[in-house]
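Since the model is a prediction, treat every value here as computed from it, not as a measurement.
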Amino acid sequence: MAVSAPRPIVCDLSALGDADLQAIDLLARLELAARQHGRTLRLRNASPALIGLIAFAGLDSVLRLEAGREAEEREDAVGVEEECQLDDPAV
């Protein structure tokens, strides 16, 4: 009988309001507890601000972030414009 790998614990962060370093500390502790029990923690639907804060804290290689937001919910990157067609073709 083959033993399957334990499923990851998925934490949906979409309802998390303004995150601060206390929230990052809690997520790091959850990751540690999951590892101690042979599990992995996957963070889903993190806001861009939270992703930046995780990177700032140096935990972006430890906390596993999954892409999970729908296209309509994502914020556009600064300086990025949508491509459109001009009415008059270039001559």
**Message:** Let's go through Leu13 and Leu27 carefully: what are the C-alpha distance in whole Å and the side-chain angles of both, what is the deciding distance for side-chain contact (heavy atoms from CB on, under 4.5 Å) to 0.1 Å, and is it a yes or a no?
**Reply:** CA-CA 10 Å; Leu13 302 174; Leu27 292 173; 4.1 Å; yes
**Message:** If I take atom SG from residue Cys11 and atom CZ from residue Arg44, how far apart are they, to the nearest 0.5 angstrom?
**Reply:** 10.5 Å
**Prompt:** Is the backbone of Thr40 close enough, under 3.5 Å, to the side chain of Arg35 for a donor and an acceptor to pair up by distance?
**Reply:** no
**Prompt:** Hey, is the main chain of Ala23 close enough, under 3.5 Å, to the side chain of Asp20 for a donor-acceptor pair?
**Reply:** yes
**Prompt:** Hey, are the side chains of Ile24 and Leu50 touching, using non-hydrogen atoms and a 4.5 Å cut-off?
**Reply:** yes
**Item:** side-chain contact (heavy atoms from CB on, under 4.5 Å) between Gln36 and Leu32, intermediate numbers included
**Value:** CA-CA 6 Å; Gln36 289 174 342; Leu32 181 61; 3.9 Å; yes
Residues 53-65, side-chain donor-acceptor partners within the protein, below 3.5 Å, at least two apart:
unit_1	atom_1	unit_2	atom_2	d
Arg64	NH1	Glu31	OE2	3.1

**Fill in**
Rounded to the nearest 0.5 Å, the CD atom of Glu66 sits from the CG atom of Asp12 at a distance of 10.5 Å
**Request:** Determine, stepwise, if the pair Val10 / Leu41 fulfils side-chain contact (heavy atoms from CB on, under 4.5 Å).
**Result:** CA-CA 6 Å; Val10 178; Leu41 180 67; over 6 Å; no
**Request:** Give the minimum heavy-atom separation between Pro6 and Arg39, together with the two atoms involved.
**Result:** CB-CD, 3.4 Å
